Amino acid sequence: MEQKDLMFMRAPEALVEASLRAGCQLFCAYPITPVEDMAEYWVKRCGEFPGALPHFTESELEGGAYLYGFAASGGRVAFASTGTGISLISESLGWIMDAEVPCVLFNFPRAGGLSISQADYNQATKAPSHGDGKCLVLAPMGTQEAVDLTMEAYYLADYYRNPVMVMCDYTLGLTMEVVEFAPMKTEGLPPKDWALTGDRGRARRGGLASAAPGGVTAANVATGVDESFGTMSRGERSARRRADKYKTFPVRYEDFFMEDAELAVVAYGTMARMILPVLKQLREEGLKVGMIRPITLFPFPEEHINEAAGRLQKVSVFECNSGQMVEDVQRSVNGRCPVEFYGRPGGAAPSPQEIEAEIKRLVGKVEVPA
Amino acid sequence: MTTAEATPGKAVFERPHVFVEEGTPWCQGCGYGAWSRIIIEEIERANPAKLVAAADIACLEYMHEIIPGDITIALHGRSVSTVRGMKMAQPEAMAIAFQGDGGMLNEGLNEVFHAAASGQNVIAILGNNGVFGDTGGQYTLAAPLGHKSPTTPNGRDAKINGSPIPLAEMLAMIPGTAFVGRISTHDPAYVYRGQRILRKAMEASMAGAGFVFLECMTTCPTGWRMTPVESIKYHEEVILKEKPVGIIKDWDPATHPAVEAALPKLG
Ligand SMILES: Cc1ncc(C[n+]2csc(CCOP(=O)(O)OP(=O)(O)O)c2C)c(N)n1
Ligand code: SF4
């Protein structure tokens, strides 16, 4: 099959195509809608990418272990599921974050049934696992951005030696669009000299038996038994170093009509995409409303929102859940203006009319329903 | 270092040179020390150019101090699938998973079956002492009926605790499995025999024959609340009665053909 750079395809398949082009070699996808399509697409297409394995993951728990083992031994690997599957591999993710092993995660949160949901925001951003670890979380608004962020996710994962999650949602999982594939950027990626390649010719580095031949490398230093290191244990030292690393993750967001806005809506992913046309229409009507769309959910664009809040009369957070990102927004605004919340939990999504009515209510222009 | 000398200056028995630590990290009388030694000797003999391994969080995790290759600690119950991931990334490496019976029969049972079904060329080593050694000796699903432990104070009762799972025999039934053996290393004769079984297991894996399973029957005096001497008696009289050592499924190149130069040797 020729490598077409412009394709019309469903988002989940587009993300697999992007993964293959980014050099992913093992794709752990266990059937759960819409992820089964990713597994099928991978198996159908991987033969055309040297090094990509046709393996079909037997269970999610094994997927979590493959993520760790495959990446620890130097391979490029991804896992895809809904929040359910992320829950299952959560223990492995803790291990992976501690061991600082790169991998990419695709998440299509659903509200129990088959519908849109942003109810897994806290899981992704606050506690992808037990412990202090954090994933870098990227939230695309459409298929093209999801493809671009996927390519970048592999880069960022390798660069930071950390899991990077592409946080989609069920609606995006059903979306079909024209997408373009650009080559993956690889400049500046350090060699994986920490990888457990098994090579017995080289010296054993680090670890508990540093004098031994072979190699206990960084991958198990972090997860291994704690050793004292001066006054600070090895465990504390490496945990502090990881916490510092999380602070260097890039923050990204997009502003819409924010120059002179008096009210800002904060929304991400498909919710932001649903709001955008309504916002354009309200701007035409002369309402001074804007939108801040976080692209990285972790790290959260805290400073940007705080700075904007100084110029705003009100911020309102729109989410398809009972109120999760709103806590991050409150923390970011830090009292500089009132923060409101508009939530649609349980698989619901607002209609354009409902979004319009809510924004008008917020700016004090109460719409009388027809 | 203990070295027996026949004539002055000529060593006839010494620690394998890759055995870097002065002692093993396990309790006195623990069975792991003896069979980890023969594993290291057989790794030296097979001498694969690459070796990746994972050991479960367990007493067994201390394998990472002595295995001469890239070994990581895996989550409780996840060594076999972790090593399968490592092996997929490094297909030319000998791949060994070390799991206790708690990790393999309780927490991660499905994955060892999936590994066998896959026929992937990895070696899964079960350190079977019938108990969760690391957490204080609670019985596992591998424990014999009647086994007394803190969670079976009156002895394991099938009605309450279920019956032992004949894992090695079950794995031998799966076509992807190339070799299944069971060994014990609690006395020199068993060590001698066990080492030969282990060597066959390694040969099958070096040839790329498929999934290889080795059950190492192990004493756990601490977990069993016994002295090392009592533990060996119990091991012989109770444990090995139900689980005799030997080759349960021998490697048959007709059904599991060698793959040309599957695992290169270190030059
Ligand atoms: C998910 C999880 N559950 C429980 C534990 C606690 N744990 C640590 S070691 C261990 C027992 C291991 O027993 P076994 O696998 O038989 O190996 P042994 O210690 O006997 O070598 C358990 C249950 C853990 N580390 N992780
Ligand atoms: S508790 Fe048992 S298995 Fe663990 S080191 Fe001690 S004797 Fe060995």
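Just so we're on the same page: letters track the sequence lines, and every chain starts at 1. The model shown is predicted, which means the values in this text are computed figures rather than measured ones.
Under the 4.5 Å side-chain criterion, counting only non-hydrogen atoms from C-beta, Trp95(A) is not in contact with Thr82(B). Side-chain contact between Asp199(A) and Asp70(B) is absent, with no heavy atoms from C-beta onward closer than 4.5 Å.
When each of Val80(B), Leu51(B), Val52(B) is scored by its heavy-atom pairs under 4.5 Å with chain A, the top score falls to Leu51(B). Counting heavy-atom pairs closer than 4.5 Å to chain A, the top residue among Ser118(B), Ala53(B), Ala74(B), Ala54(B) is Ala74(B). Between chain B and the residues Leu53(A), Thr197(A), Leu26(A), Leu67(A), the most heavy-atom pairs under 4.5 angstrom are made by Thr197(A). With chain B as partner, the option from Arg76(A), Glu58(A), Gln25(A) having the largest number of non-hydrogen pairs under 4.5 angstrom is Glu58(A).
Residue-environment remark: CD (Glu36(A)) exceeds the threshold of 12 foreign heavy atoms within 6.0 Å. The number of heavy-atom neighbours closer than 6.0 Å to CD of Gln138(B), taken from other residues, nucleotides and ligands shown, is above 12. Crowding of Lys200(B) atom NZ: a count of heavy atoms from other residues, nucleotides or ligands under 6.0 Å not exceeding 12. Within 6.0 Å of atom OH in Tyr159(A), 12 or fewer heavy atoms from other residues, nucleotides or ligands are found, so the atom counts as exposed in its surroundings.
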(message) Does Gln90(B) form a side chain to side chain contact (heavy atoms under 4.5 Å, CB included) with Leu196(A)? I'd like the steps, not just the answer.
(response) CA-CA 9 Å; Gln90(B) 300 293 340; Leu196(A) 299 171; over 6 Å; no

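In this structure, the portions of Leu75(B) lying under 4.5 Å from any heavy atom of chain A include both its backbone and its side chain. For Leu61(A), the parts lying under 4.5 angstrom from a heavy atom of chain B are both the backbone and the side chain. For Glu62(A), the parts sitting under 4.5 Å from any heavy atom of chain B are the backbone and the side chain alike.
Judged purely by atom type and a 3.5 angstrom limit, Arg84(B) has no side-chain atom pairing as donor or acceptor with the backbone of Tyr66(A).
Taking each heavy atom of Asn110(B) and Ser59(A) in turn, the nearest pair found is ND2-OG, 4.1 Å. Across every non-hydrogen atom of Tyr68(A) and Thr72(B), the tightest pair is OH-OG1, 2.5 Å.
Taken to the nearest 0.5 Å, the CD atom of Glu44(B) stands 7.5 Å off from the CZ atom of Arg200(A).
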